[in-house]
Amino acid sequence: MRIVGLIKEETFFLLDEETREEIAHADAQQKDRIHMQALMGYVGVETADDLELLVTVFRQGQKGENLEVDPADVLDLLDEFLQQKRLQQSSGSAKQKTSSSALEAIGGSCLRRIQALRQQRVATAICA
């Protein structure tokens with residue numbers, strides 16, 4: 001799936017040191033699985049519905065079957081996914097609201113990393 005590959009390529013920096021070490025010592029098949037499991041956990045993809053929402057966010061405004069997403073937009077799209085998931089959970093059942101604090105912790109950490117990277121990109125652009 002092109003969306004997963006694009007996310008994987010553009011978000012390696014989100015992985016913690018322990019996960020990076022695990023990837024470094026894994027065989028080729030395990031590397032992708034470890035990376036995507038960690039990343040999906042960071043951004044709060046816990047169910048098939050979450051994955052469907054993530055794909056929907058990436059396909060917004062797309063025409064046809066070809067995905068045309070600028071790699072520079074991946075972080076913004078992940079941020080959009082987190083916001084939409086929070087909205088769904090805030091309007092969902094009590095069970096969903098119970099897991100909301102877990103999403104907040106995971107999503108908040110991911111969101112802080114995304115915002116830090118955005119600030120770094122802006123600073124780099126200004127200084128260039």
Between the CG atom in Asp16 and the CD atom in Glu21, the distance rounded to the nearest 0.5 Å is 10.5 Å
* Between Gln84 and Glu80, do the side chains contain an N or O donor and an N or O acceptor separated by less than 3.5 Å? -> yes
Heavy-atom nearest pair, Glu68 first then Gln62, reads N-OE1, 2.8 Å
Output for pair (Asp70 CG, Glu10 CD), nearest 0.5 Å, gives 8.5 Å
Value for NE2 (His25) from CD (Gln30), rounded to nearest 0.5 Å, stands at 12.5 Å
Say whether, by atom type as modelled, one donor and one acceptor occur between the side chain of Thr19 and the main chain of Leu15 under 3.5 angstrom. no
Salt-bridge contact Glu52-Arg59 (side-chain N to carboxylate O under 4.0 Å):
no
In this structure, CZ of Phe12 is separated from CD1 of Ile23 (nearest 0.5 Å) by 5.0 Å
The side-chain contact (heavy atoms from CB on, under 4.5 Å) partner of Phe81 among Thr56, Val45, Ile7 is Val45
CD/Gln29: more than 12 non-hydrogen atoms of other groups inside 6.0 Å: no
Test side-chain contact (heavy atoms from CB on, under 4.5 Å), reference Leu53, set Val57, Asp50, Asp49, output is Val57
Output for pair (Lys8 NZ, Met40 CE), nearest 0.5 Å, gives 11.0 Å
So CG of Leu87 and CG of Leu82: to nearest 0.5 Å the spacing works out to 11.0 Å
Closest heavy-atom pair, Ala26 versus Lys31, reported as atoms and distance to 0.1 Å, is O-CE, 2.9 Å
Would Gln37 and Tyr42 satisfy side-chain contact (heavy atoms from CB on, under 4.5 Å), going step by step from the backbone distance to the final call?
CA-CA 9 Å; Gln37 260 184 328; Tyr42 288 163; over 6 Å; no
TODO: Using atom types as modelled and distance alone, determine if a side-chain donor or acceptor of Asp73 lies under 3.5 Å from a backbone N or O of Asp76.
DONE: no
Can you confirm whether Leu78 sits close enough to Val74 that some side-chain heavy atom of one is under 4.5 Å from a side-chain heavy atom of the other? yes
